[in-house]
Novice: 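What follows is a single structure, and I will ask about it in a moment.
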Amino acid sequence: MKKGIQELSEVTVRFAGDSGDGMQLTGTQFSNTSALAGNDVSTLPDYPAEIRAPIGTTYGVSGFQLHFSDSDIHTPGDSPDILIAMNPASLKVNLKSLKPGATIIVNVNSFDEKNFKLAHYESNPLEDETLRGFHVVEVPLSKLTAEALKDSGLKPKEVARSKNFFALGLMYWLYSRPIEPTINWIETKFKKNQQIVDANKAALEAGYYFGDNTTLFSTRYKVKPAKLPKGTYRSIEGNEVLALGLVAASIKTGLPLFLGSYPITPASTILHELSRHKKYGVKTFQAEDEIAAVTATIGAAFAGALAVTTTSGPGLALKSEAIGLGVMTELPMIIVNVQRGGPSTGLPTKTEQSDLLQAMYGRSGESPVVIISANTPADCFDVSLEAARIATKYMVPVLYMTDGYIANGSEPWRIPAPDQIPDMKVEFRTDPENYQPYSRNENLSRPWAIPGTPGLEHRLGGLEKENITGDVNYDPENHEYMVRLRAEKVKNVENDIPGLKVEGDPDADILVVGWGGTYGAITDAIYSLIEKGKKVAHAHFRYLNPFPKNTEEVLKKYKYILCPELNLGQLSFLIKSRYLIDVDSYTKIQGQPFKSSELEDKIEAVLGGMNNG
Amino acid sequence: MKKGIQELSEVTVRFAGDSGDGMQLTGTQFSNTSALAGNDVSTLPDYPAEIRAPIGTTYGVSGFQLHFSDSDIHTPGDSPDILIAMNPASLKVNLKSLKPGATIIVNVNSFDEKNFKLAHYESNPLEDETLRGFHVVEVPLSKLTAEALKDSGLKPKEVARSKNFFALGLMYWLYSRPIEPTINWIETKFKKNQQIVDANKAALEAGYYFGDNTTLFSTRYKVKPAKLPKGTYRSIEGNEVLALGLVAASIKTGLPLFLGSYPITPASTILHELSRHKKYGVKTFQAEDEIAAVTATIGAAFAGALAVTTTSGPGLALKSEAIGLGVMTELPMIIVNVQRGGPSTGLPTKTEQSDLLQAMYGRSGESPVVIISANTPADCFDVSLEAARIATKYMVPVLYMTDGYIANGSEPWRIPAPDQIPDMKVEFRTDPENYQPYSRNENLSRPWAIPGTPGLEHRLGGLEKENITGDVNYDPENHEYMVRLRAEKVKNVENDIPGLKVEGDPDADILVVGWGGTYGAITDAIYSLIEKGKKVAHAHFRYLNPFPKNTEEVLKKYKYILCPELNLGQLSFLIKSRYLIDVDSYTKIQGQPFKSSELEDKIEAVLGGMNNG
Amino acid sequence: MAENITTDEIALKPKDFSSSQDVRWCPGCGDYSILAQIQRVSPEIGVKKENYVWISGIGCSSRFPYYMDTYGMHGIHGRAAAIATGVKIQNPELSVWVATGDGDALSIGGNHFIHACRRNIGIKIILFNNRIYGLTKGQYSPTSEKGKITKSSPYGSIDYPFNPTALAIGSDATFVARSIDRDPKHLKEMISRAGSHAGTAFIEVYQNCNIFNDGAFSPLTDKNTKADNVLVLENNKPMVFGKENDKGVILDGFTPRVVDLTDSKYSLDDLWVHNEHDIHASRAHILSQFPEFEGLPTPIGIFRHIDKPTYEHDLHQQLKDVIAKEGEGNLKDLLFSGNTWEVN
Amino acid sequence: MAENITTDEIALKPKDFSSSQDVRWCPGCGDYSILAQIQRVSPEIGVKKENYVWISGIGCSSRFPYYMDTYGMHGIHGRAAAIATGVKIQNPELSVWVATGDGDALSIGGNHFIHACRRNIGIKIILFNNRIYGLTKGQYSPTSEKGKITKSSPYGSIDYPFNPTALAIGSDATFVARSIDRDPKHLKEMISRAGSHAGTAFIEVYQNCNIFNDGAFSPLTDKNTKADNVLVLENNKPMVFGKENDKGVILDGFTPRVVDLTDSKYSLDDLWVHNEHDIHASRAHILSQFPEFEGLPTPIGIFRHIDKPTYEHDLHQQLKDVIAKEGEGNLKDLLFSGNTWEVN
Ligand SMILES: Cc1ncc(C[n+]2csc(CCOP(=O)(O)OP(=O)(O)O)c2C)c(N)n1
Ligand SMILES: Cc1ncc(C[n+]2csc(CCOP(=O)(O)OP(=O)(O)O)c2C)c(N)n1
Ligand code: SF4
Ligand code: SF4
Ligand SMILES: [Mg+2]
Ligand SMILES: [Mg+2]
């Protein structure tokens, strides 16, 4: 049966099922294939805090949303056009986020009394009013998979595990994607077990051909490649590319990379990624706790490493005392904080931006550090390089903020040419002549002399230091001098970073300011409004401490500043206090990123109010 | 020889010597005796971070300043009228702080070449221009002590140790103070060693009578009792009375007091004091570290204690993750933070106010706590009670801020009548009917049900909680609701605390705002300026989070707000951001309190500028 | 010294200890078995339901308190022993239990673990040792074997593992035991014995994580190999093991050795007779070292069980003694002590 | 396995290791003696001056690095072992030493201490054990005796003390020794031996704090009592002590006992012969338990000294192996790995 192919410009898909249904894998395959097909892609994995919650329950639902398009996109999509629901619970959890009229493919074999009960459905949602207005396609996914694999020699339980590949095959057919990349992947991934390779391939192909042969679908869709800037691309997750950026920084600074870390969601995958890069001389130290991780990092920095520690909010809290030692010893180090929902253990697998003030002030005494943040998954590469540059140039701890959304999200990354990454070669002090541990160069930074260098023996420590000599000093005036010097040193970085850039309409009445992972949603909202003829602009802070030099000038140009954040208004707070400029703080704190439509609505409401007022 | 007695209204004395010279003890005795004599008294101990630095060096100098008066005073005095310098180093260190024309009593026996060298004096300061303009009295203190004790049977080294009592005796004579209180104290303190009792008494008396007999002094002084409010008084240090306040709170709430602590300067003396109060049922747990201290405190709170943990800045940093657990579990607890010079180990024995933003933001996620602070040593009693009241009424962690200056400083404390301390009886939830762990009362606080209560079994924890039921909940809307509820609960405390009070001239042009230990210096400056006819006013924040309800109203009344702080402007920062009101932040960060004269000068300069402008 | 905790007559059932929360471990996880045994033992220890408190840190295993219908707290990572210490000090009448993992107790929580043992504070620590970080999806833990390939050690871990029983003995723990998730009867007995110990009671439970470290203990649990690999310690009994009870352990000087009981060279009388109450820890230390010796079985059971006054006992005794000597304090005395003076 | 750290020919003197900073301990403090011995040993170990690194935490003892003219860091409280671990991993050529106190290493720093021992990371930990918190002016520490009256225990401490050597052995330390500040010759030898050990080397040094805990070790240092109270361990030698070398230690099963060598019931041949290289830790464990037995002397010397690959060795070996197998990484391969595609 030959089916018509309809062209679409973009699609948002959501795969959802039990934690054990392999939805993360399915979503990742679909997005990688879409990226390989030349689309721009953005993803949002969304999984529970339990490894495997009990089967069939709503809190055990694992989801993976992705957005692919024939043009530049910035978010994983506000509301899916199509949902693949492997069971009733995943239907229940995701229904409210769907686009009106969306397509829902359900695995009808899982729609039975037991699962209705587990999902707290009183009756079969396929048969009552629940799904009115949606285009529901009931596919006997489990049964069809079982049929396809009936000669595989696998046990029924193992066969059942392949059903996600059937679903993936069907989706490939529906959106006219090639199945070869996934076949290759299956062959490498399961190479130790040919039976599994065969089964998964068979399921994938069965799903694909099912689309062709069934009457359930009358149309296929196609999304043309996006017109992305020329270059070589790969699809990559935030934490992965952050790690690559650190390895690149190690090569470009000439410093061996040291990572001291203790696993914590959603930062652990940086540790995983870096521990694979032994052939780049990367040393990963999985410490006994966060305090050992950060203090070993300080030790490694002292000994001359590009020293990095990675964590998430609760771990950052534990590291705070030691970061103070980093400030006092003026050693270069990078502290990566992948934010998650707080306070306390909070919502460990969800995203949030609520550690900004902790990063800024979560230490005893006046203890300034540089703070920078990444805007998107791919952006992490550049930010890793920048963190290394600033830390080593200014001999200062750099707090590098991302969040769960950036860390787990993926997008196509245009791979930079190795020789176009700027050189940041670090020279240690080796000359004993006139060496003073706390002497200052033009950046106020002190020389980095590492153990093993003859004649430069010196002692660092957390007691107040005398400037130049670095000796312990309790003198009141020296303390005041040093406190202000450390603050000045960090502030000086403003001379060495790009100014705050405004995108959108330069004559806008309203400026939307943000930081970190809200970049995509704000960008989409702004461009959509501009298309509608609204005068709006956007400035995104990569540098949170110090702020870019032109910040005040930029902000004062606009009548109205709106600051959307996934917290209770932390950036707003910093701006208000620093510049005494009023900021409308628009906050959401649900463990979920902003939808661009939410932001669009909010901005329109503000614009409406301004015109009336 | 009968000497004339001259009456003075106030005197500032500074005792200074080596760390081993017993200056802290001498100063404490002098101030207690002065308090007993009815003066108002304020003290400032100032000692090095080493236990005993090498004898004779400047960094080993230990000082104790006190100010006594016939009227209400608020600071230990800007500049001493008289210095007792036990050696050249102590002269060197203290000279620049003396009042012009001040009296200097030196132990001339220690003025030898060796000590000049150690103090980096090139020649004998008694013989060159160094002391021009001062009234120098050279007393052979060591020799006279040795003579007085020649029959004591003590070894020369032991004899030498008594010389501070000789100096004290001389000072008692000079300022017409009784020696009996110190004699009684010696008898109790050294009761295990009669020889030492006799020696110290003999030295004290010898010093006293030396005054009478020597020609070195022609006049004695007298400071009449102050007209303090009626009542019974005792002289008390900040940490001591803070501890008494906690014991009183335990009695008044009916809750057993639990202290989980790890020693750290300058907070340790709270632990020492509380571990003496076993007969009040106080349980002190000296933990293995700060994290164990605070988490044991959370455990004790769960089990129904008035649960307290005490620390200083670096320890607060270590406790930050656990305080987040306190926020999430909504258990009442008090975290006392006695601030010291930072960052990192910093200036451990010096004072500073640089942990305010750490207290406010030093945790992951949106993690609000109540923050209150004490203004003076004696004030700590009331603040302890208030901390306990708020913690138990609102089921919330309370961060209680003091600093090294308040902690170690002493002043006369008017002892409250036990029955005038308000009752704060806490009732645990015991009724199983409709019990829900996270139900809310009118204060938004949840019921406190402790283990051992039949039928109320429930589980707390750091994962996000569903309101009312307290079950773990990952729902986006619930998270948003709970984050805002926790913020609201803390904010609500504003309805239950006194408004911000303005002292001084109600029609002033300039309002000086402060918090914590700067209270005395600001007060003195303000009253002095008012006496000079200036229009100035003062408001002091006891509540830092939430701010009192009338804060904005109060601040907006004044043209100019000046905020002096011992940090880089942390309260200013909070005010600016919250109210978008400009604040002139006047900061000093030297490990030393403000002098009231510094503040007076600054305020006058501002007033001058305003009139010109 | 057994804990002096009273109970009343109401006969509780295991299900009375089951909370309303759905259990959220992976199907097949060894944690289920531990939960089942604890719920089975709980009515039998002689503690009122309301006097049980379960404290945990963070990890799969640390979800434990949610499933027990007792008082409980799911704390923060590594701090369960310290939280539990606060609970027990505040109210020694409570029966305070800690559920913890190998990461939670021995990695981030190592300090609180050794200090709890040292103080002999009356808490019971159940270590769910699956030799992996489960909740964070499979990194090696401080009990993972050297060379283990995990997410954070793709080329093999280079860490030597801790020996948890040796560490507990080095910290002077008064009750040290080991059991296995797959041996419910034995596990139940160990829990019951810990339940009546007055000081710090430590049980290491080998627990299978079928997702990230499946089969870590299968030589000790598989029907075919189990009997030859596991030595069940019984007090005052010679150390015998093997499918046919055909092997024994002798102590050759300081060296434990396996002997064959079938070739009549050795008889039961030659074997090491276990004495869990040995006041000196040396033999318990040797038991903890069995993995260091080729061919020795893995002991389960009680390595050590001695009496020593508990921390909470001494603390409350001190309060009582001071009050007996100085009288109970009252607010007036407190405030008006020291040198006071009157202003009129 | 001795550390593979090279030196050159310049003959350094103890004073070359003395920094310009005035030493700021109390007059009479035992720390001075430890400093003196370390400065004396430093030129002799065969390490270049610039390759020494001294790391400490916070405490009187932790001021140590300031007085050594080497690389050094006065860290934060309890974290010296972790900082030192980072230094050693980054550059195994360095000779990394930790100066720490009983509070610093065993109270707040307990976790890093046991993990350093477990990993066998090549750092040398010198524990200045004065059984008190000196710098914070005299609270009891985790090595203070039970019942001790201090500022924070006016009615006597109720904590049982740690036994640091037992804890180190329980953590599988490969080098465990003890010495005394007042026995400079012995102390010097221990430091020298630690200096050439490749893994974690732990020395507990009994150190007198004459201000807050004076005389804590006087039975072991006073001329009159010393010989009868101290047992100097020497490898392959029988355990003899006493003023006239008139006493010996035998091992009666697992029980060490003192015997009289003068009444001809026992001779040297009956005594326990010390073997510091015993691969199994059981006898070292018994040595650590001597304080538990009435009448036994306090051993000083090397309890245990075995060879085992170090953490840093295995880590760097793994890097080398991977590079040997996969080739050295270059930036291009790194960036362009995985599935890539071209956009033109
Ligand atoms: C402060 C902090 N650091 C790290 C984590 C992340 N984390 C949670 S559980 C865990 C380890 C769990 O391992 P284990 O204790 O063995 O428990 P299991 O899941 O294996 O039962 C880690 C590293 C955390 N929650 N908090
Ligand atoms: C985080 C932190 N907590 C507490 C302290 C206070 N403190 C400094 S040294 C010390 C204990 C010192 O004892 P020990 O390690 O035995 O050293 P000693 O002074 O006896 O040589 C303490 C509690 C601190 N500096 N930092
Ligand atoms: S991940 Fe492992 S330990 Fe955790 S619940 Fe699953 S099987 Fe159990
Ligand atoms: S207080 Fe004790 S340990 Fe510290 S320097 Fe003085 S004598 Fe030494
Ligand atoms: Mg585990
Ligand atoms: Mg000590």
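Not measured: the values here are computed from a predicted model.
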Novice: Go through A:Leu456, A:Thr329, A:Leu228 and name the one with the most non-hydrogen pairs under 4.5 angstrom from chain D.
Specialist: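 Of the candidates given, the most pairs with chain D belong to A:Leu456.
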Novice: Measure distances from A:Tyr233 to the heavy atoms of chain D and classify the residue's part below 4.5 Å as side chain, backbone, both or neither.
Specialist: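 For A:Tyr233, the contact with chain D is made by backbone and side chain together.
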Novice: Heavy-atom distances under 4.5 Å only: say whether A:Val282 touches chain D with side chain, backbone, both or neither.
Specialist: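 Answer is backbone: N, CA, C or O of A:Val282 sit under 4.5 Å from chain D.
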Novice: Please report the C-alpha distance between A:Leu257 and A:Leu274 in whole Å, then the side-chain angles of each, then the deciding distance to 0.1 Å, and finally whether the side chain to side chain contact (heavy atoms under 4.5 Å, CB included) criterion is met.
Specialist: CA-CA 9 Å; A:Leu257 183 60; A:Leu274 284 177; 3.9 Å; yes
Novice: Do the non-hydrogen side-chain atoms of D:Asp31 and D:Gln207 ever get within less than 4.5 Å of each other?
Specialist: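 In contact.
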Novice: Identify which part of D:Ile89 has an atom lying under 4.5 Å from any heavy atom of chain A, answering side chain, backbone, both or neither.
Specialist: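 When you check distances to chain A, atoms from both the backbone and side chain of D:Ile89 fall under 4.5 Å.
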Novice: Report the option among D:Leu315, D:Ile58, D:Ile55, D:Thr70 that has the most heavy-atom pairs separated by less than 4.5 Å from atoms of chain A.
Specialist: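 Of the options given, most contacts go to D:Thr70.
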Novice: Among D:Ser56, D:Ser20, D:Ala82, D:Gly72, who wins on heavy-atom pairs under 4.5 Å with chain A?
Specialist: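 With the most close heavy-atom pairs to chain A, the winner is D:Gly72.
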Novice: Check the side chains of A:Glu273 and A:Asn239 for a donor-acceptor pair under 3.5 angstrom, ignoring hydrogens and angles.
Specialist: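 Absent: no donor and acceptor within the cut-off.
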Novice: Does any backbone or side-chain atom of A:Ile236 lie under 4.5 Å from a heavy atom of chain D? Answer side chain, backbone, both or neither.
Specialist: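 When you check distances to chain D, no heavy atom of A:Ile236 falls under 4.5 Å.
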Novice: Please tell me whether D:Thr174 and D:His197 have a donor and an acceptor in their side chains that are separated by less than 3.5 angstrom.
Specialist: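 Short answer, yes.
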Novice: Please look at D:Arg118 and chain A and tell me whether the side chain, the backbone, both or neither of the residue comes under 4.5 angstrom of a heavy atom of that chain.
Specialist: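 For D:Arg118, there is no contact with chain A at all, as no heavy atom is under 4.5 Å.
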Novice: Under a 4.5 Å cut-off applied to non-hydrogen side-chain atoms, are D:Thr100 and D:Ser61 in contact?
Specialist: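 A side-chain contact is absent here, since even the closest heavy-atom pair is not under 4.5 Å.
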Novice: Could you have a look at A:Lys283, A:Met328, A:Lys227 and say which one has the most heavy-atom pairs with chain D under 4.5 angstrom?
Specialist: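 Looking at each of A:Lys283, A:Met328, A:Lys227 in turn, A:Lys283 comes out on top.
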Novice: When heavy-atom pairs shorter than 4.5 Å are enumerated against chain D, which of A:Ile421, A:Asp471, A:Asp419 gives the highest number?
Specialist: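 Highest number of pairs under 4.5 Å: A:Asp471.
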Novice: Are A:Thr392 and A:Trp448 side-chain neighbours, meaning at least one heavy-atom pair lies under 4.5 Å?
Specialist: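 Yes; the side chains approach each other to less than 4.5 Å.
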Novice: Examine distances only and state if a side-chain atom of D:Gln90 and a backbone atom of A:Ala301 form a donor-acceptor pair shorter than 3.5 Å.
Specialist: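 Answer holds: no.
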Novice: Tell me, out of A:Asn32, A:Thr284, A:Val294, A:Leu244, who's got the most heavy-atom pairs with chain D below 4.5 Å.
Specialist: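 It is A:Leu244.
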Novice: Tell me, side chain or backbone of A:Ala307 under 4.5 Å from chain D's heavy atoms, or both, or neither?
Specialist: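 Neither; nothing under 4.5 Å.
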Novice: Regarding A:Asn39 and A:Ser34, do their side chains bring together a donor and an acceptor under 3.5 Å, going by distance alone?
Specialist: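 Absent: no donor and acceptor within the cut-off.
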Novice: So what's closer than 4.5 Å to chain D heavy atoms on A:Ala35: side chain, backbone, both or neither?
Specialist: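 Both parts, backbone and side chain.
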Novice: Go through D:Gln318, D:Lys320, D:Lys325 and name the one with the most non-hydrogen pairs under 4.5 angstrom from chain A.
Specialist: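 Of the options given, most contacts go to D:Gln318.
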Novice: So what's closer than 4.5 Å to chain D heavy atoms on A:Ser250: side chain, backbone, both or neither?
Specialist: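 Neither part; nothing is under 4.5 Å.
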Novice: Does the plane of the ring in D:Trp54 sit parallel, tilted or perpendicular to the ring in D:Phe64? Use 30° and 60° as the thresholds.
Specialist: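 Ring orientation, 0 to 90° scale: tilted.
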Novice: Take D:Ile108 and D:Arg79 through the side chain to side chain contact (heavy atoms under 4.5 Å, CB included) test and state the conclusion after the steps.
Specialist: CA-CA 8 Å; D:Ile108 189 168; D:Arg79 317 305 172 189; 3.7 Å; yes
Novice: I'd like to know if A:Arg459 pairs up with D:Asp69 as an ion pair, taking the criterion as any Lys NZ or Arg NE/NH1/NH2 lying under 4.0 Å from an Asp or Glu carboxylate oxygen.
Specialist: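 Salt bridge between A:Arg459 and D:Asp69, a charged N being under 4.0 Å from a carboxylate O: yes.
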Novice: Given that the side chain runs from C-beta out, which part of A:Thr297 has a heavy atom under 4.5 Å from chain D: side chain, backbone, both or neither?
Specialist: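 Neither part; nothing is under 4.5 Å.
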Novice: Side chain from CB out, backbone as N, CA, C, O: work out which of these in A:Phe285 comes under 4.5 Å of a heavy atom of chain D, or both, or neither.
Specialist: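 For A:Phe285, backbone and side chain are both near chain D.
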Novice: Does the ring of A:Tyr438 carry A:Arg446 above it, NZ/CZ under 6.0 angstrom from centre and within 45° of its axis?
Specialist: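 Yes - A:Arg446 lies over the ring of A:Tyr438, closer than 6.0 Å to its centre and within 45° of its axis.
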Novice: How about A:Leu331 and A:Leu460: do any of their side-chain heavy atoms sit closer than 4.5 Å?
Specialist: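 They are in side-chain contact.
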Novice: State whether the side chain of D:Asn120 and the backbone N or O of D:Thr200 hold a donor-acceptor pair below 3.5 Å, judged by distance alone.
Specialist: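 Present.
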Novice: For the residue pair A:Thr469 / A:Glu466, report whether a side-chain donor-acceptor contact shorter than 3.5 Å exists.
Specialist: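 Per modelled atom types, A:Glu466 and A:Thr469 side chains form a pair under 3.5 Å.
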Novice: Please flag which part of A:Lys252 lies under 4.5 Å from any non-hydrogen atom of chain D: side chain, backbone, both or neither.
Specialist: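 Side chain only.
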Novice: Does a side-chain N-to-carboxylate-O contact under 4.0 Å join D:Glu93 and D:Lys88?
Specialist: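 Looking at D:Lys88 together with D:Glu93, the answer is no, because their closest N to O distance does not fall below 4.0 Å.
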Novice: List for me each residue that meets side chain to side chain contact (heavy atoms under 4.5 Å, CB included) alongside A:Ser367, sequence neighbours excluded, and say none if there are none.
Specialist: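 Side chain to side chain contact (heavy atoms under 4.5 Å, CB included) check on A:Ser367 returns A:Val327, A:Arg363, B:Pro343.
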Novice: Would you say the side-chain atoms of D:Asn51 and D:Ser95 include a donor-acceptor pair closer than 3.5 Å?
Specialist: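 Their side chains do not contain a donor-acceptor pair, so the 3.5 Å distance test is not met.
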Novice: What part of A:Leu36 lies closer than 4.5 angstrom to a heavy atom of chain D: side chain, backbone, both or neither?
Specialist: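 Contact with chain D is through both the backbone and side chain of A:Leu36.
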Novice: With respect to chain D, which residue among A:Pro451, A:Pro412, A:Gly461, A:Ala292 yields the maximal number of heavy-atom pairs within a distance under 4.5 Å?
Specialist: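 Maximum pair count with chain D is reached by A:Pro451.
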Novice: Checking A:Pro181 against chain D: side chain, backbone, both or neither under 4.5 Å from a heavy atom?
Specialist: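 Looking at A:Pro181, nothing touches chain D.
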Novice: Shorter than 4.5 Å, heavy atoms on both sides: which option in D:Gln21, D:Glu326, D:His112, D:His316 has the most such pairs with chain A?
Specialist: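 The option with the most such pairs is D:His112.
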Novice: Tell me, out of A:Val472, A:Ile298, A:Leu463, who's got the most heavy-atom pairs with chain D below 4.5 Å.
Specialist: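 The residue among A:Val472, A:Ile298, A:Leu463 with the greatest pair count is A:Leu463.
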Novice: Flag the pair D:Tyr66 / D:Val23 as yes when at least one side-chain heavy-atom distance between them is below 4.5 Å, and no otherwise.
Specialist: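 Of all side-chain heavy-atom pairs linking D:Val23 with D:Tyr66, none is under 4.5 Å.
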Novice: Heavy-atom cut-off 4.5 Å, strictly under: side chain, backbone, both or neither for A:Trp413 against chain D?
Specialist: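 Just its side chain gets close to chain D.
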Novice: At a heavy-atom separation under 4.5 Å, does D:Tyr52 approach chain A through its side chain, its backbone, both, or neither?
Specialist: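 Contact with chain A: none, neither part.
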Novice: When only heavy atoms count and the cut-off is under 4.5 Å, which of residues 327-344 of chain D reach chain A?
Specialist: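 If one takes a 4.5 Å heavy-atom cut-off, the residues of residues 327-344 of chain D near chain A are D:Gly327, D:Glu328, D:Gly329, D:Asn330, D:Leu331, D:Lys332, D:Asp333, D:Leu334, D:Leu335, D:Phe336, D:Ser337, D:Asn339, D:Thr340, D:Trp341, D:Glu342, D:Val343, D:Asn344.
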Novice: Does any backbone or side-chain atom of A:Asp289 lie under 4.5 Å from a heavy atom of chain D? Answer side chain, backbone, both or neither.
Specialist: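 When you check distances to chain D, only side chain atoms of A:Asp289 fall under 4.5 Å.
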